[in-house]
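Accompanying notes for the structure given below.
One-based numbering, in listed order, for ligands and for the atoms of each. The analysis underlying the following values was restricted to heavy atoms, covering all of them including side chains, and did not include hydrogens, waters or symmetry mates.
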Amino acid sequence: MNTSATTVVSAPGKVLICGGYLVLDSAYSGLVVGTDSRFYSAVTSSKRSGKEGRRVVVNSPQFDGGRWEYILDNEGRLVPIPGADNKIDRNKYVQYALQLTLSVAANLDQDFDAHFGELLEIVIVGHNDFYSQRPQLDSKNLPVTTASLKSLTPFCPTLTTIANVHKTGLGSSAAMITSLVASLLVHFQAISIQTGSSDEKDIQFTHNMAQFVHCLAQGKVGSGFDVSSAIFGSHLYRRFDPELISGLMARCESVGIERVTANEILEVVRDKMWDSQVQRVQLPPGVRLMLADVDAGSSTPKLVSGVLGWRKANPNEADSLWKELDKENMAVANTLMKISQVALENEVAYQAALAVCSTSVSSAWSTSDSEIVRLFGKVNACFSNVRSLLRKMSQLAKVPIEPESQTRLLDTISQLAGVVMSGVPGAGGFDAIFTLVIENPASKDGTNAAAVENIWKHWTESNVGPLLAGASNGGVECVKLEDVDGLSRFF
Ligand SMILES: Nc1ncnc2c1ncn2[C@@H]1O[C@H](COP(=O)(O)OP(=O)(O)OP(=O)(O)O)[C@@H](O)[C@H]1O
Ligand SMILES: C[C@@](O)(CCOP(=O)(O)O)CC(=O)O
């Protein structure tokens, strides 16, 4: 394979730290943090395939059976080829992304045939954090610690199939689809993505396309915060109107996606004005995101249907709870934005405030002489209110959003020095927890993060495994194959 012509696009994972459930309603926003754990899709065209017809081969080398092969027929339809056992192993997410994006690319790229060649080879990988690494660590007799996770090869095998893998909640399908759709659009020159200077229209088009593919593959229209953060990174998100895509979704479902024309798709994803809103928010400097996978698991669709069912049956009570929660969510987001601004304006005072926060517990911050320390105290107080309102929602809807076992764990972490907030991300449940912690800028050894990890390690009530992911501000981006540690071995 001539890898010099390989197009590689990467997209981050997500952690919804405020606004779970509310973000499903366009009246409310959610605060999502993009992670430095990312997905990569690498596309290479070859002149000769050695086989008949134009072929597309997709490899997901982290999975047993992670290979899908298709013929692209003269009408632009993608026809899956059965595997060695004569069975077709469908991966709807991959197939829909390929079919719809290739159809659009063929319409927009006048040299599509030449750029395609005879064989399109695609490699898809996600950082180890997207999937539970317990089986890998067990096979090496290693404990579940950050040190063990760091010793694993990048993009290491999950030792299982995609259907059976234990996901960690970072949004594998959204980051995968976003990187795949964007890599194809870039490869066929339908868009260009340049770090810091991409055309807004190209990025919005890629966002709309990835949202549509993701909804179609999921068979439902969620809030879309996960695809939005795979495109834009960390931000305050307000959802798009589902009506924008409901007609096209119904058409795909009734005639089959391979019969829907590129023009029909473009009318929706390129020509319509989408109303989703993105306000960039970054975690203030020196504030570190830590994540842990709690090995118990919850079904997000069950949690969502429980909460929405209760909201429908109790509109008045739910409405006032939603409004109260939104007020606290927005106070967390706005105060974090204010802190980031102050950090830019007064570096010396900011570093001094970090030194205070990193060596004291959050309950002491609200009475500090330093305005910046008090702002961190405000984030902490507002997030405590978020948590108690989520517990109220749990009780009223009889849905375990912040179950008692998670409350005990979060309360213990929150009593450590430097901890700004700790909660259950997204839909909550027993799946995962996140912590925002401040390190002392003078000590480079990560003392406070080590104390948090120590609680996780010795927690007996549930099995808490750290993830390596931290926050990152970047969104979808083009990268060079040789710059991605561990990627070139798949070529
Ligand atoms: N590395 C990959 N290669 C190909 N397809 C993948 C890969 N990772 C995920 N997928 C696709 O995404 C699907 C998982 O989607 P699903 O919506 O269940 O997960 P998710 O909710 O995004 O995951 P998470 O728990 O990380 O948030 C898989 O069944 C598969 O079709
Ligand atoms: C409950 C919900 O608001 C958030 C789900 O987030 P997560 O997949 O648990 O990270 C659903 C959604 O926004 O699609």
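For atom 29 (O) of ligand 1, the closest heavy atom belonging to the protein is I162 CG2, 3.5 Å. Residue, atom and distance of the protein heavy atom nearest to atom 18 (O) of ligand 1 are K167 NZ, 2.6 Å. The nearest heavy-atom contact from the protein to atom 8 (N) of ligand 1 is Y131 OH, 2.6 Å. Looking only at heavy atoms of the protein, atom 23 (O) of ligand 1 is closest to S172 OG, 3.1 Å. Residue, atom and distance of the protein heavy atom nearest to atom 4 (C) of ligand 1 are S60 OG, 3.2 Å.
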Distance-only criterion, 3.5 Å: show the donor-acceptor pairs between side-chain atoms of residues 484-491 and protein atoms not counting sequence neighbours.
residue : atom : partner : partner atom : Å
R489    : NH1  : P154    : O            : 3.1
R489    : NH1  : G486    : O            : 2.8
R489    : NH2  : P154    : O            : 3.0
R489    : NH2  : F155    : O            : 3.2

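Donor-acceptor pairing under 3.5 Å is lacking for the side chains of E477 and S10. Of the N and O atoms on the side chains of H187 and T7, at least one donor lies less than 3.5 Å from an acceptor on the other residue. Checking S229 against H235 by side-chain atom types alone, no donor-acceptor pair falls below 3.5 Å. At a cut-off of 3.5 Å, with distance as the only test, no side-chain donor of T145 or E453 sits close to an acceptor on the other residue. In the model, D411 has no side-chain atom that pairs as donor or acceptor with a side-chain atom of S414 under 3.5 Å. Donor-acceptor pairing under 3.5 Å is lacking for the side chains of S472 and D36.
No part of Y40 comes within 4.0 Å of ligand 1, judged by heavy-atom distances. With a 4.0 Å heavy-atom cut-off, ligand 1 is reached by no atom of K92. Of all the heavy atoms of L170, the ones lying under 4.0 Å from any atom of ligand 1 belong exclusively to the backbone.
Of all the atoms in ligand 1, the ones that sit under 4.0 Å from a non-hydrogen atom of G169 are 24 (P), 25 (O), 26 (O), 27 (O). Applying the 4.0 Å criterion to heavy atoms of Q218 picks out, from ligand 1, the atoms 17 (O). The distance from ligand 1 to the heavy atoms of N91 drops below 4.0 Å at these ligand atoms: 4 (C), 5 (N), 30 (C), 31 (O).
Using a cut-off of 4.0 Å between Lys/Arg side-chain N and Asp/Glu carboxylate O, E118 and R55 are scored as not salt-bridged. Using a 4.0 Å cut-off between charged nitrogen and carboxylate oxygen, R251 and E253 do not count as a salt-bridge pair. By the 4.0 Å N-to-carboxylate-O rule, R239 lies too far from D25 to be salt-bridged with it.
Q95 and L78 get closest at one heavy-atom pair: O-CD2, 3.9 Å.
For ligand 2, the 4.0 Å heavy-atom shell contains residues K14, L16, G20, Y21, V23, L24, S223, F225, V304, G426, A427.
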- Task: I would like to know whether L170 and T35 meet side-chain contact (heavy atoms from CB on, under 4.5 Å); could you show each step before the answer?
- Result: CA-CA 8 Å; L170 289 185; T35 65; 4.1 Å; yes
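Stacking of R54 on the aromatic ring of F116 is recorded, both the 6.0 Å distance cut-off and the 45° axial limit being met.
With distances taken over non-hydrogen atoms, the option nearest atom 10 (N) of ligand 1 out of M176, H214, Q62 is M176. Here atom 20 (P) of ligand 1 lies nearest to S173 when heavy atoms of S173, G13, A174 are compared.
Note on ligand 1: G171 sits in its first shell, one or more heavy atoms being nearer than 4.0 Å.
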